[in-house]
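Scroll down for the structure; my scribbles are underneath it.
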Amino acid sequence: MEYFVNIGFGNMVNIKKVQSIVSPDAAPIKRMVQSAKDAGSCTDATCGRRCKSVLVMDGQGVVLSALLPETIAVRVNQNG
């Protein structure tokens, strides 16, 4: 059975595919996001808001969310 968690604005992600949830403020994370955007493997789920967390997925993809990493972690643990 697959488990999905809401990452904001009705967007859902499979928690079995999430490797980590990190803040986008660090330079290495910014480079990783830019690299994913250039490669076409970045999904922007912020709906025009400021990115507050980056979900690193299996297969080198990343998902951007407008929710704080702590908020997403709480939702993952509730579904866990």
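Worth knowing before you read on, the calculation uses all heavy atoms, side chains too, and leaves out hydrogens, waters and symmetry mates. Residues: numbered from 1 along the sequence shown.
Taking Asn6 as the reference, Met12, Arg75 meet the side-chain contact (heavy atoms from CB on, under 4.5 Å) condition, with sequence neighbours excluded. Checked against side-chain contact (heavy atoms from CB on, under 4.5 Å), Ala73 has no partners two or more places apart in sequence or in another chain.
Looking at Asn11, its side chain does come within 3.5 Å of a backbone N or O of Gly8 through a donor-acceptor pair.
Residues Val18 and Val56 form no side-chain contact, since every pair of their non-hydrogen atoms from C-beta on lies 4.5 Å or further apart. When side chains are defined from C-beta on, Val54 does not count as touching Ile21, because their heavy atoms never get closer than 4.5 Å.
Residue pairs meeting the side-chain hydrogen bond (donor to acceptor under 3.5 Å, both in side chains) criterion with at least one member in residues 50-74, sequence neighbours excluded, are Gln19-Asp58.
Leu67 and Val13 end up in the same hydrophobic cluster when Ile, Leu, Val, Met, Phe, Trp and Tyr side chains are linked at under 4.5 Å. Placement of Ile72 and Val22 in two distinct hydrophobic clusters is found when ILVMFWY residues are connected by side-chain heavy-atom separations under 4.5 Å, directly or transitively. In this structure, Ile7 is a member of the same hydrophobic cluster as Met57, with clusters built from ILVMFWY side-chain heavy atoms closer than 4.5 Å.
The two residues Pro24 and Ile29 make their nearest non-hydrogen contact at CA-CG2, 3.9 Å. Shown here for Tyr3 and Asn14, the closest heavy-atom pair between the two residues is O-OD1, 3.2 Å.
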Return all side-chain donor-acceptor pairs below 3.5 angstrom for residues 33-46, not counting sequence neighbours, or 'none' if the list is empty.
from: Gln34; atom 1: NE2; to: Asp38; atom 2: OD1; distance (Å): 3.0
from: Asp44; atom 1: OD1; to: Thr46; atom 2: N; distance (Å): 3.0
from: Asp44; atom 1: OD1; to: Thr46; atom 2: OG1; distance (Å): 2.6
from: Thr46; atom 1: OG1; to: Arg49; atom 2: O; distance (Å): 3.4

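Grouped with Leu68 in a hydrophobic cluster is no other residue, since no side-chain heavy-atom contact under 4.5 Å to another Ile, Leu, Val, Met, Phe, Trp or Tyr is found.
Of the inter-residue distances, the one linking Phe4 atom CZ with Lys16 atom NZ reads 11.5 Å to the nearest 0.5 angstrom.
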